[in-house]
Amino acid sequence: ACSTGGRQRITPDELDPALNQEIDPDKEILIYARTSPISGSSNLFFDRQAVDKFNRTHDDVQILVKDYYGSAEERGQNYERLLSEMAAGQVPDIIDLAGVPYRQAIQKGYLEDLWPYIENDPDLGRDGVLEAPLKAAEVNGGLYAAFGAVSVDTVLGTASQVGDRTSWTLQEIQDAFDAMPEGATLLQFDASREMLAGILMHLSLENYVDQETGTCSFDSPGFRSMLEFVSRFPTQKEVEAETAVFADDFAKWKEAEERFVSGLQMLDNSQYVALTSLPKLNARHGGRCAFIGYPVEDGSTGSIFRLTGQCIAMSSTCENKEAAWEFMRTVYTEPKDGTPDNNSAIPIWKVLYDKQKDTLMHTEQEIVPFLLTQQQTVTVPPLAEEEVRRFEDFINSIDKIELIGERDLFNLVLEVCAPYFSGEKPLDETVALVQNRVGLYLSEQK
């Protein structure tokens with residue numbers, strides 16, 4: 001076994017078998033717990049190239065990777081194994097947060113606050129990063145997650161139709177929809193109850209849950225209104241049944257585009273809004289889109305940041321934090337999905353973000369606003385300073401982020417609400433069950 005400071009670190013049989021690793025006995029070891037896939041269609045995968053590059057360029061330190069991902073059948077058990085090892089004091093130095101409950105890990109003292117490292121980094125610093133996404137990931141003022149790029153999940157409307165704002169309540173969205181022509185729809189055809197419920201939970205769950213005290217308050221008018229709003233939409237099974245016959249020829253998507261062009265679809269929902277997508281979004285919405293967001297009962301911003309690349313943390317017990325940070329900082333400076341020409345990512349490092357902005361403010365673009373209908377190209381001028389400022393004001397208003405490892409509580413609430421969405425349980429019984437189940441969950445996490 002390889003060890004540092006007298007404590008066992010890792011044995012050859014614990015190494016990730018997919019990476020062909022070898023332990024160098026002359027190097028200090030940093031253990032990386034991998035909880036996401038090595039490759040795939042998702043952006044959220046393990047960055048093998050970054051680990052290999054670090055190991056090639058360091059003579060005294062080596063990153064070795066342990067696999068806590070595995071097959072679909074093994075995944076849940078692997079995540080539990082990682083949490084059990086951490087509880088026993090065997091905390092990896094670098095942790096892939098895709099499989100770790102973020103807040104729980106912070107409360108138990110497993111993770112290191114990264115703000116001091118960012119502030120003291122000569123290439124970063126507070127002034128060198130976009131603070132809004134990082135502040136959205138804060139817990140009690142500390143930042144424990146490193147990620148290099150995000151996009152925004154939001155709802156877009158035409159400013160002349162819904163107003164140029166970034167938030168609204170459930171009643172306000174209903175009032176706006178009542179003014180639409182007969183036969184209009186609120187969102188595109190594939191907006192299901194489950195999809196909307198998941199997003200609205202992320203946006204408003206903290207209004208009903210106090211994780212510090214372990215209490216919840218779901219028996220409230222706001223939560224009831226949200227469930228009633230979501231129940232107006234089709235279930236995921238109904239959406240899948242409706243779209244099954246259109247899987248190959250995109251006829252249903254073309255129909256949806258035609259509805260949007262003709263003014264019969266009020267809103268467009270998108271998970272991949274970035275500064276680079278703004279010219280197309282403006283063209284699609286008649287010259288000016290509104291980042292109006294999903295409705296939230298308290299009227300707060302109804303948009304949320306989503307990660308577009310890996311998300312990792314440093315252990316508070318890591319014995320070589322300087323080396324760990326030297327690796328982790330590349331999440332910002334060399335992000336896989338935060339490059340200036342990526343149309344669905346907002347890089348956290350301002351050097352990359354400013355390159356995006358500079359290109360957009362000095363270059364005309366050829367845009368196809370509607371891919372399936374009216375496929376003519378539109379030439380749009382460089383982004384005006386006012387539009388850039390409007391977008392930056394928008395992202396600075398967002399205070400929520402979806403972290404993959406935080407889904408347990410959301411999934412629990414959705415699971416309990418599922419019978420209500422399918423018409424099997426009434427609203428009052430559902431609210432009582434959510435209150436009970438979440439209360440038990442919170443007490444178990446202490």
Side-chain angles (χ1 to χ4, degrees), residues 43-44 97-98 100-107 114-115 129-156 165-170 172-173 194-212 216-218 220 222-223 225-226 229-230 267 269-275 290-309 311 313 344-348 391-414 438 442:
N43 286 329
L44 302 176
L97 287 176
V100 177
Y102 182 57
R103 289 180 180 273
Q104 182 181 341
I106 295 167
Q107 289 168 358
L114 300 178
W115 270 129
V129 294
L130 297 186
E131 282 204 67
L134 300 183
K135 291 188 74 66
E138 284 184 343
V139 175
N140 297 328
L143 173 67
Y144 303 86
F147 48 90
V150 295
S151 63
V152 178
D153 188 346
T154 191
V155 169
L156 304 159
R165 50 185 174 173
T166 59
S167 64
W168 53 357
T169 65
L170 295 169
E172 287 170 337
I173 194 175
E194 291 83 352
M195 180 271 283
L196 283 168
I199 295 171
L200 293 179
M201 293 297 178
H202 276 289
L203 290 170
S204 61
L205 199 58
E206 63 185 34
N207 295 337
Y208 312 111
V209 174
D210 187 332
Q211 301 210 37
E212 295 295 321
C216 56
S217 54
F218 287 95
S220 66
F223 186 70
S225 296
M226 182 177 69
F229 174 77
V230 168
L267 301 168
N269 56 296
S270 174
Q271 295 183 1
Y272 303 107
V273 173
L275 182 63
F291 309 110
I292 196 161
Y294 293 90
V296 183
E297 192 59 21
D298 64 2
S300 58
T301 301
S303 304
I304 187 169
F305 292 116
R306 290 188 184 272
L307 305 180
T308 64
C311 181
S344 61
I346 305 168
I348 301 298
F391 178 82
E392 292 177 347
D393 288 344
F394 165 57
I395 63 172
N396 286 333
S397 73
I398 301 171
D399 61 0
K400 297 178 179 66
I401 189 167
E402 182 188 25
L403 297 176
I404 303 301
E406 282 288 274
R407 288 180 174 172
D408 285 354
L409 182 56
F410 299 100
N411 290 340
L412 173 61
V413 176
L414 294 177
V438 173
L442 294 172

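Residues satisfying the side-chain contact (heavy atoms from CB on, under 4.5 Å) criterion with Ala105, sequence neighbours excluded, are Val100, Tyr110, Leu111. Applying the ring-ring contact (aromatic ring centres under 6.0 Å, His included) rule to Tyr144 yields no partners; only residues at least two apart in sequence or on another chain are considered. Annotation: ring-ring contact (aromatic ring centres under 6.0 Å, His included) contacts of Phe229 (sequence neighbours excluded): Phe233. By the salt bridge (Lys or Arg N to Asp or Glu O under 4.0 Å) test, Glu194 pairs with no residue at all, sequence neighbours left out. In this structure, the side-chain hydrogen bond (donor to acceptor under 3.5 Å, both in side chains) partners of Asn207, at least two apart in sequence or on a different chain, are Asp298. Judged as a side-chain contact (heavy atoms from CB on, under 4.5 Å), and not counting sequence neighbours, the contacts of Asp393 are Arg389. Applying the side-chain hydrogen bond (donor to acceptor under 3.5 Å, both in side chains) rule to Ser167 yields no partners; only residues at least two apart in sequence or on another chain are considered. Judged as a side-chain hydrogen bond (donor to acceptor under 3.5 Å, both in side chains), and not counting sequence neighbours, the contacts of Ser303 are Thr154. Applying the side-chain contact (heavy atoms from CB on, under 4.5 Å) test to Glu206 and every residue at least two apart in sequence or in another chain returns Lys400. For Phe305, the ring-ring contact (aromatic ring centres under 6.0 Å, His included) test picks out no residue, with sequence neighbours left out. Listed by chain and number, the residues in a side-chain contact (heavy atoms from CB on, under 4.5 Å) with Ala197 are Val230, Leu414, Phe421 (sequence neighbours excluded).
Scanning both residues, Leu442 and Cys216, for their nearest heavy atoms gives CD1-CB, 4.2 Å. In this structure, Ala137 and Tyr102 approach most closely via the heavy-atom pair O-OH, 2.8 Å. Considering all non-hydrogen atoms of both residues, Gly222 and Glu297 come closest at CA-CG, 3.7 Å. Scanning all heavy atoms of the two residues, the minimum distance from Val413 to Met201 falls at CG1-CE, 3.4 Å. Closest non-hydrogen pair, Ser204 versus Val296, comes out as CB-CG1, 4.3 Å. Closest approach of Val129 to Leu134, counting heavy atoms only: CG2-CD1, 3.8 Å.
Rounded to the nearest 0.5 Å, atoms NZ (Lys135) and CG (Leu130) are 13.5 Å apart. With rounding to the nearest 0.5 angstrom, the CD atom of Gln104 is 11.0 Å from the CG atom of Leu409. Between Asp153 atom CG and Ile199 atom CD1 the span is 4.5 Å, to the nearest 0.5 Å. Taking CG of Leu275 as the reference point, atom OG of Ser151 lies at 13.0 Å (rounded to 0.5 Å). Residue Arg103 holds its CZ atom at 8.0 Å from CG of Asn140, rounded to the nearest 0.5 Å. Considering CG of Leu203 and OG of Ser300, their distance stands at 7.0 Å, rounded to 0.5 Å.
Side chains of Tyr294 and Leu196 form a contact here, defined as non-hydrogen atoms less than 4.5 Å apart. For the pair Phe147 and Ile401, the minimum side-chain heavy-atom distance is below 4.5 Å. Taking the side chain as every heavy atom from C-beta outward, Phe223 and Leu200 never approach each other to under 4.5 Å. No side-chain heavy atom of Ile292 sits less than 4.5 Å from a side-chain heavy atom of Leu156. Using a 4.5 Å heavy-atom threshold, the side chains of Phe391 and Val273 count as touching. In this structure, Pro133 and Ile346 have side chains that are not in contact, with every pair of non-hydrogen atoms separated by 4.5 Å or more. Side-chain atoms of Trp168 and Pro295, non-hydrogen and from C-beta on, do get closer than 4.5 Å to each other.
In this structure a side-chain-to-backbone donor-acceptor pair under 3.5 Å is missing from Thr308 to Ala345.
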